[in-house]
Amino acid sequence: MPAILLAVALLFQETPPAAPPHAMPGEEAVEPYAVRPGNLGARAFEGDAMAQAFHGQDGIHRIVDGFVRRNFADPVTGPVFANHDQVRLKRTIFEQFCAILNAGCSYSGRDMKAAHKDLGIQQADMNRLVENLQAAMADEGVSFSAQNRFLSKLAPMRGQVVER
Ligand code: HEM
């Protein structure tokens, strides 16, 4: 086969999905793992002030662990989260928060509409989830002004998450 044809054939070849960048052992596979900036759901902050306010990736890990643990244990949000992959959630929510806070990560999860499709999420679930996030951020000692700046990035995603 001439080289040019070979190059074109290779270009259009089906490529297997790349391994997720930070997949955790025991995580269920959800395809695709491609990093698409549009999936993040918000524009990232500029500069490093917000990353510092959240105590860098270590602080964001602690916040996400507390946030996810609370959401699973909570009587309002718990039934929505039950039977979902907590290992993957901790990874993808960490990636999303870290990317929005401009703390040096890429988000490899689904867009917010696809991730929450058919979950039957109501406004009361959303309110409680925000309270659980506030509690996790307060545990980490994040200032109220930084908490509110971050929450204002998440608020516009409501329309993709809550079913009316
Ligand atoms: C702005 C608010 C929210 C944000 C930023 C958010 C973020 C995320 C992210 C990043 C994922 C992972 C997507 C992936 O792994 O591909 C996810 C999945 C999920 N979220 Fe949310 N979420 C929000 C609101 C909610 C609410 C209010 C609930 C219910 C109380 C909820 C329940 C879930 C569940 C159950 C999953 C797992 C879906 C699955 O396993 O297929 N989320 N969310």
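Just follow the structure's listing: the first ligand is 1, and inside any ligand the first atom is 1.
- Those atoms of ligand 1 that come under 4.0 Å of a heavy atom in Ile93, given as number and element, are 9 (C), 10 (C).
- On a distance-only criterion, Thr92 and ligand 1 share at least one N/O pair closer than 3.5 Å.
- By the criterion of a heavy-atom distance under 4.0 Å, both the backbone and the side chain of Val80 are placed next to ligand 1.
- Atoms of ligand 1 found under 4.0 Å from any heavy atom of Gly109 (numbered from 1 in listed order, with element): 16 (O).
- Here Met112 has side-chain heavy atoms under 4.0 Å from ligand 1, and that is the only part of it that gets that close.
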Using atom types as modelled, flag every donor-acceptor pair under 3.5 Å from a side chain in residues 152-159 to any protein atom, sequence neighbours excluded.
residue: Ser152; atom: OG; partner: Arg149; partner atom: O; Å: 2.7
residue: Lys153; atom: NZ; partner: Arg43; partner atom: O; Å: 2.7
residue: Arg158; atom: NE; partner: Gln123; partner atom: OE1; Å: 2.4
residue: Arg158; atom: NH2; partner: Gln123; partner atom: OE1; Å: 2.9

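- Taking a cutoff of 4.0 Å between a charged side-chain nitrogen and a carboxylate oxygen, Asp85 and Arg91 do not qualify as a salt bridge.
- For ligand 1, the atoms lying closer than 4.0 Å to a non-hydrogen atom of Met157 are 1 (C), 5 (C).
- Judged purely by atom type and a 3.5 angstrom limit, His116 uses its side chain to pair as donor or acceptor with the backbone of Met112.
- Of the N or O atoms in Thr77, none lie within a sub-3.5 Å distance of an N or O in ligand 1.
- Those atoms of ligand 1 that come under 4.0 Å of a heavy atom in Ala115, given as number and element, are 13 (C), 38 (C).
- Residue-level proximity to ligand 1 for Leu119 is carried by the side chain, the only part with a heavy atom below 4.0 angstrom.
- Under the side chain to side chain contact (heavy atoms under 4.5 Å, CB included) criterion, Val80 pairs with Leu119, Ile121, Asp125, sequence neighbours left out.
- Using a distance-only test at 3.5 Å, with no hydrogens or angles considered, no donor-acceptor pair links the side chain of Asn39 to the main chain of Arg110.
- Neither the backbone nor the side chain of Asn71 has a heavy atom within less than 4.0 Å of ligand 1.
- Polar contact check, Asp85 against ligand 1: no nitrogen or oxygen pair lies under 3.5 Å apart.
- Remark: among candidates His116, Arg88, Arg128, the nearest residue to atom 42 (N) of ligand 1 is His116, based on non-hydrogen atoms.
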